[in-house]
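All of these numbers come straight from a predicted model, not from anything done at the bench. The figures that follow rest on heavy atoms only: side chains count, while hydrogens, waters and symmetry mates do not.
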Amino acid sequence: SKIKNIIGYEINLLLFTKNLRFIDTLKTFYIYSAFKGINQQKTLYSIASKKIKDQHKNPILQSFFSALFLATPIHQKERKILSAYGINHLLAISGYHLGFLSLMLFFLFKFPYQYFQKNYFPFRSLHYDLGFFILVILFIYVYFINFYPPVFRSFIMMLIAYIFYRNHIKILNYENLFLVIFIIAILLPSMIFSLSFWFSILGVFFILLYLQYVKNKNIIYNTIAIHFFLFLSMLPLSHIIFNNPSPTHIVSLFLNFIFL
């Protein structure tokens with residue numbers, strides 16, 4: 001039978017790379033290959049993927065929710081549709097999802113912690129202790145999804161922000177962004193060749209660029225303006241690399257607001 005998802009399988013694959021150029025590996029490319037052997041394995045990751053898929057009968061929903069929670073690849077047919085509308089990033093786990101998860105964890109543990117803090121250790125800091133505890137949980141999640149590049153980048157940035165916050169060091173600046181790149185290059189050098197990692201870095205760079213030159217303090221204005229600025233900044237790069245220009249990309253502007 002055809003294998004539509006290789007999660008939970010140990011695969012021996014023969015790749016034919018004779019005419020493959022390095023520049024092609026940085027883009028969307030096709031490479032001839034052949035299976036030499038397939039062995040099914042049961043792992044916690046594959047079990048979680050199966051549990052998510054068992055919740056939905058529709059294959060499209062299975063693919064979407066698995067991608068959203070476990071960073072699994074979306075099926076080719078659905079991926080082409082998402083690319084046409086420029087909304088691939090909505091179903092790819094990113095720093096936004098990690099930030100939302102950390103916010104949920106903070107409010108989940110805030111009130112139980114405050115009770116014990118008030119009665120047993122009033123000298124402790126809620127933000128420092130919960131921040132450390134949340135980072136531990138986030139690291140387990142990042143490890144669980146196999147250090148997915150945009151999420152790992154976001155986690156390292158959160159870790160550095162936590163350390164700098166404790167030591168009263170300025171967080172939002174370009175130096176910290178380059179520090180993140182340097183640390184990730186040391187820990188996982190293979191990520192330097194990940195296109196999703198560099199798109200994630202560029203997204204943060206453009207946000208810092210906006211904050212450097214726009215001094216408006218209105219939250220609603222900044223949310224809308226950053227959204228448009230990122231769209232216009234990343235669109236040319238997306239077209240150059242993926243070669244998928246389409247007038248329907250304008251739809252992503254409005255869908256992003258709905259998502260937020």
Side-chain angles (χ1 to χ4, degrees), residues 89 92-114 116-118 120-194 196-230 233-234 260:
H89 59 282
I93 303 177
S94 63
Y96 173 81
H97 299 82
L98 208 63
F100 184 72
L101 178 60
S102 63
L103 189 65
M104 288 179 59
L105 290 172
F106 179 81
F107 285 108
L108 179 64
F109 294 110
K110 176 182 177 181
F111 298 106
Y113 179 90
Q114 284 180 328
F116 289 102
Q117 180 191 39
K118 182 179 179 181
Y120 299 103
F121 39 83
F123 54 89
R124 300 292 303 180
S125 168
L126 179 145
H127 293 95
Y128 291 165
D129 288 351
L130 282 188
F132 178 80
F133 180 67
I134 290 171
L135 282 171
V136 171
I137 296 177
L138 292 181
F139 176 77
I140 294 173
Y141 177 64
V142 173
Y143 175 80
F144 182 71
I145 62 174
N146 198 29
F147 297 99
Y148 184 62
V151 179
F152 185 58
R153 185 275 310 162
S154 178
F155 173 78
I156 294 296
M157 290 196 75
M158 290 176 115
L159 179 61
I160 291 175
Y162 173 78
I163 295 172
F164 283 12
Y165 175 73
R166 289 204 60 166
N167 292 279
H168 307 286
I169 301 174
K170 185 179 179 181
I171 297 173
L172 296 176
N173 55 51
Y174 297 105
E175 289 82 0
N176 292 345
L177 180 61
F178 289 114
L179 178 62
V180 168
I181 298 173
F182 181 72
I183 292 174
I184 291 177
I186 293 174
L187 296 176
L188 292 174
S190 61
M191 284 203 180
I192 298 300
F193 301 99
S194 169
S196 59
F197 168 74
W198 286 111
F199 265 90
S200 178
I201 290 292
L202 282 173
V204 177
F205 174 80
F206 285 129
I207 291 175
L208 292 175
L209 190 66
Y210 172 89
L211 294 175
Q212 179 182 357
Y213 291 103
V214 180
K215 304 299 181 182
N216 194 307
K217 295 184 179 181
N218 186 290
I219 296 178
I220 297 177
Y221 172 85
N222 282 329
T223 301
I224 298 174
I226 288 177
H227 181 75
F228 275 90
F229 181 69
L230 281 176
S233 300
M234 300 294 286
L260 291 174

Counterpart residues, side chain to side chain donor-acceptor pair (under 3.5 Å), relative to Ser196 (two or more places apart):
Ser194
Show the nearest heavy-atom pair for residues [X] and [Y], with the distance to one decimal.
X      : Y      : value
Leu138 : Ser102 : CD1-CB, 4.0 Å
Ala185 : Ile192 : CB-CD1, 3.7 Å
Pro122 : Tyr120 : CD-C, 3.6 Å
Tyr113 : Leu126 : CE2-CA, 3.5 Å

Answer whether the closest heavy-atom distance between the side chains of Phe123 and Gln117 falls below 4.5 Å.
no
Are Val204 and Val180 side-chain neighbours, meaning at least one heavy-atom pair lies under 4.5 Å?
no
Working note: Phe139 + Phe144, criterion ring-ring contact (aromatic ring centres under 6.0 Å, His included); need CA distance, chi angles, decisive distance, verdict.
CA-CA 8 Å; Phe139 176 77; Phe144 182 71; over 10 Å; no
For [X], check ring pair (Phe, Tyr, Trp, His ring centres under 6.0 Å) against everything at least two apart and list the hits.
X      : value
Tyr128 : Tyr165
Phe199 : Phe242
Tyr174 : Phe205
Tyr210 : none

Got a sec, which residues hit side chain to side chain contact (heavy atoms under 4.5 Å, CB included) with [X], two or more places apart in sequence or on another chain?
X      : answer
Asn173 : Lys170, Glu175, Asn176
Asn167 : Ile163, Ile169
Phe109 : Leu105, Leu130, Phe133, Ile137
Ile220 : Asn218, Ile224

Quick one: [atom1] on [X] to [atom2] on [Y], what's the gap to the nearest 0.5 Å?
X      : Y      : atom1 : atom2 : result
Ile184 : Ile201 : CD1   : CD1   : 5.5 Å
Met191 : Ile186 : CE    : CD1   : 14.0 Å
Trp198 : Leu202 : CH2   : CG    : 8.0 Å
Leu135 : Leu159 : CG    : CG    : 6.0 Å
Ile134 : Met104 : CD1   : CE    : 11.5 Å
Phe229 : Leu211 : CZ    : CG    : 10.0 Å

Looking at Asn216, is its backbone amide N or carbonyl O close enough to the side chain of Asn222 to form a donor-acceptor pair, meaning the two atoms are under 3.5 Å apart?
yes
Only counting residues at least two apart or in another chain, list the ones meeting salt bridge (Lys or Arg N to Asp or Glu O under 4.0 Å) with Arg124.
Asp129
Just checking Phe182: does its CZ atom have more than 12 heavy atoms from other residues, nucleotides or ligands closer to it than 6.0 angstrom?
no
What do the steps show when you test Gln114 against Lys118 for side chain to side chain contact (heavy atoms under 4.5 Å, CB included), and what is the final call?
CA-CA 6 Å; Gln114 284 180 328; Lys118 182 179 179 181; over 6 Å; no
List the atom pairs, with distances to 0.1 Å, where a side-chain N or O of residues 147-155 and a protein N or O form a donor-acceptor pair under 3.5 Å, not counting sequence neighbours.
from   : atom 1 : to     : atom 2 : distance (Å)
Arg153 : NE     : Ser200 : OG     : 2.6
Arg153 : NH2    : Ser200 : OG     : 2.7

Apply side chain to side chain contact (heavy atoms under 4.5 Å, CB included) to the pair Leu172 and Phe164, showing each step before the final yes or no.
CA-CA 10 Å; Leu172 296 176; Phe164 283 12; over 6 Å; no
Angle between ring planes, Phe132 versus Tyr162, binned at 30° and 60°: parallel, tilted or perpendicular?
tilted
CA sep, side-chain torsions, deciding dist, call: Ile226, Val214, side chain to side chain contact (heavy atoms under 4.5 Å, CB included)
CA-CA 10 Å; Ile226 288 177; Val214 180; over 6 Å; no
